[in-house]
Amino acid sequence: MTNFPLLTQLPGASRLILGCMGLGGGWNQEPVGEAELRKAREAVEAALSVGITLFDHADIYTHGKAEQVFGTLLSESPSLRDRLLLQSKCGIRFADEAGPGRYDLSAWYIERSVEASLQRLRTDRLDLLLLHRPDPLVDVHELAESLSRLHRSGKVRCFGVSNMHAAQLAWLQSACSLPLAVNQLEMSLLRLDWLEAGTTFNDGAQGRADAWAGTLEHCQRQGVQLQAWGALAQGRWREHAVAGTLQTMAARLELVPETLLVAWLLRHPSCIQPVIGSTDPARIRACAAALDVQLSREDWYALYVAARGRPLP
Ligand SMILES: NC(=O)c1ccc[n+]([C@@H]2O[C@H](COP(=O)([O-])OP(=O)(O)OC[C@H]3O[C@@H](n4cnc5c(N)ncnc54)[C@H](OP(=O)(O)O)[C@@H]3O)[C@@H](O)[C@H]2O)c1
């Protein structure tokens, strides 16, 4: 596969990622039950069976229970850890007695968060750590030292960011000697900002110079791997104007709509890695089928235009 920057740092990483936010039960403190363990096992087995090797976590998902249930699966099958790659995130803090919901990219918080993720996942290393959201109070030099410490200790192999535009990423990278190799953004047929920022430039009617401008180009030029969260638009496409075009095209190509949603992201030349948030084995398999689909330019644009709801300028 060409132009897939993460592969050089993480050999064995799959093009598709299984998002694990739906594992572990609800966003509460209730213990993980047998049903949740079974659901997680089935989702992970389905993902592995279609060649997915990279699994996306965050310290906050279901209040730590997503990582916890995944850790249980790893402990049940000790050889599993070496057959997959683990990605987690840190930097979002829930409201607590000390303050409101907030972001925290301080060294103290990042390192504490990594320790906790490693314990929950029952592993000694994260293959990738993403900084979940930009923290306006970040001290970039402190951040750089913290990432270096985590790397030297062997606790984290590679780093990246999430939900950051080009200038934020470039600013952090200017201080960090280790590459920030990934940017995970919400990208789907229902979340088009990443495309619109480029295609509506110089469009008197619709143009807007928003913060996204240049993010796609920056990541491609710098070899930053793009990952798309919300790749299935959380199923919301079913109530959206794009549904008709999506379903008609899916029927013509003898695919299901989920396959087409993922194929649409894969067709973009920036080599996006879609993060599939499903826990349903059949839906996971349908997403993986997109790897064998090559959308024509006409079909790609038909979906884009239907999703944006108006012709291109
Ligand atoms: N970096 C970030 O800030 C960030 C934010 C959010 C998420 N993420 C990551 O990205 C992953 C995916 O994001 P996501 O979960 O927001 O989006 P997603 O993959 O677009 O959607 C997955 C969710 O939508 C449901 N769904 C999808 N298609 C459906 C359909 N046709 N009918 C009914 N339900 C359908 C799935 O249910 P089933 O399980 O039943 O299939 C699941 O609950 C997460 O797991 C997480 O790893 C990252």
Side-chain angles (χ1 to χ4, degrees), residues 14 16-27 35-36 38-44 46-47 52 54-62 64-67 69-70 84-93 101 103 105 117 121 126 128-135 159-165 168-169 180 182-194 215 225-240 242-243 246-247 250 255-262 264-266 272-290 307:
S14 51
L16 298 187
I17 300 171
L18 189 76
C20 296
M21 192 171 74
L23 304 185
W27 290 66
E36 293 307 333
R38 193 167 50 248
K39 186 173 167 181
R41 193 180 291 118
E42 286 171 4
V44 171
I52 294 177
L54 183 51
F55 293 81
D56 181 71
H57 286 271
D59 53 356
I60 57 168
Y61 289 167
T62 56
K65 290 189 291 178
E67 289 184 333
V69 75
F70 207 96
L84 53 77
L85 297 163
L86 289 174
Q87 164 173 300
S88 194
K89 314 185 198 74
C90 66
I92 297 180
R93 297 180 68 169
Y103 303 144
L105 295 181
S117 287
L121 287 163
L126 292 177
L128 264 159
L129 176 70
L130 307 189
L131 308 174
H132 210 151
R133 285 194 176 268
D135 170 14
F159 297 91
V161 302
S162 181
N163 304 305
M164 294 200 196
H165 61 63
Q168 291 169 322
L169 181 50
L180 298 171
V182 168
N183 192 8
Q184 187 179 107
L185 302 165
E186 186 176 12
M187 297 191 275
S188 74
L189 270 175
L190 265 62
R191 188 64 199 265
L192 291 169
D193 321 36
W194 56 288
T215 298
Q225 177 65 50
L226 287 161
Q227 297 181 349
W229 67 266
L232 303 179
Q234 297 91 15
R236 291 177 295 112
W237 60 268
R238 291 168 296 165
E239 291 86 44
H240 188 272
V242 77
L246 196 58
Q247 281 163 330
L255 304 169
V256 296
E258 283 77 15
T259 309
L260 213 41
L261 283 165
V262 176
W264 185 79
L265 287 170
L266 293 176
I272 294 165
Q273 278 183 302
V275 186
I276 309 301
S278 179
T279 54
D280 176 340
R283 223 185 312 276
I284 293 168
R285 285 191 287 274
C287 291

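These numbers come from a predicted model, not from an experiment. Order of listing sets the numbers, starting from 1, for every ligand and every atom in it.
- Close approach of ligand 1 to Thr279 (heavy-atom distance below 4.0 Å) involves ligand atoms 38 (P), 39 (O), 41 (O).
- By the 4.0 Å heavy-atom criterion, Glu258 is counted among the residues contacting ligand 1.
- Scanning all protein heavy atoms for the shortest distance to atom 44 (C) of ligand 1 gives Met21 CB, 3.6 Å.
- Using a 4.0 Å cut-off to heavy atoms of Ala231, the atoms of ligand 1 that qualify are 20 (O).
- For ligand 1, the atoms lying closer than 4.0 Å to a non-hydrogen atom of Cys20 are 45 (O), 47 (O).
- Nearest to atom 17 (O) of ligand 1 by heavy-atom distance, out of Gly277, Gly230, Ala233, is Gly230.
- Looking only at protein heavy atoms, the nearest one to atom 10 (O) of ligand 1 is Trp229 CB, 3.3 Å.
- Nearest heavy-atom pair, Trp194 versus Glu186, reported as atom, atom and distance to 0.1 Å: CD1-O, 4.3 Å.
- Side-chain atoms of Ser162 come within 3.5 Å of backbone N or O of Gln184 as a donor-acceptor pair.
- In this structure, atom 24 (O) of ligand 1 is in close contact with the protein, since a protein heavy atom lies within 4.0 Å of it.
- Ala286 approaches Thr259 most closely through the heavy-atom pair O-OG1, 2.8 Å.
- When all heavy atoms of Leu121 and Glu67 are compared, the pair lying nearest together is CD2-O, 3.6 Å.
- Counting only distance, with no hydrogens or angles, the side chain of Asp59 and the backbone of Ser88 share no donor-acceptor pair below 3.5 Å.
- Residue contact check for ligand 1: Lys89 places a non-hydrogen atom closer than 4.0 Å to it.
- Looking from atom 27 (C) of ligand 1 to the surrounding protein, the closest heavy atom is Gly235 N, 3.6 Å.
- Atom 8 (N) of ligand 1 has Tyr61 OH, 3.2 Å as its closest protein atom, hydrogens excluded (heavy atom only).
- Within ligand 1, counting atoms from 1 as listed, the ones closer than 4.0 Å to a heavy atom of His132 are 1 (N), 2 (C), 3 (O).
- Taking a cut-off of under 4.0 Å to the non-hydrogen atoms of Asn163, the atoms of ligand 1 that pass are 1 (N), 2 (C), 3 (O).
- The protein heavy-atom contact nearest to atom 47 (O) of ligand 1 is Asp56 OD2, 2.6 Å.
- For the pair Thr62/Glu36, no side-chain contact is recorded, criterion being any heavy-atom separation below 4.5 Å from C-beta on.
- For Glu186, the heavy-atom gap to ligand 1 stays at 4.0 angstrom or more.
- Partner Leu128 forms a side chain to side chain contact (heavy atoms under 4.5 Å, CB included) with one of Leu85, Asp56, Val182 and no other, that one being Val182.
- Considering only heavy atoms from C-beta on, Ile92 comes within 4.5 Å of Tyr103 through its side chain.
- Of the protein's non-hydrogen atoms, Ser278 OG, 2.5 Å is the one closest to atom 41 (O) of ligand 1.
- Nearest protein heavy-atom neighbour of atom 11 (C) of ligand 1: Val275 CG1, 3.6 Å.
- Contact between Lys65 and Gly26 at its shortest, heavy atoms only, is NZ-O, 3.1 Å.
- Evaluated by nearest non-hydrogen atom to atom 34 (N) of ligand 1, the leading choice among Arg283, Gln87, Arg133, Gln234 is Arg283.
- Summarising the geometry of Trp237 relative to Leu246, their closest heavy-atom pair is CE3-CD2, 3.6 Å, with the distance given to 0.1 Å.
- Shortest non-hydrogen contact noted between Leu23 and Ala40 is CD2-CA, 3.9 Å.
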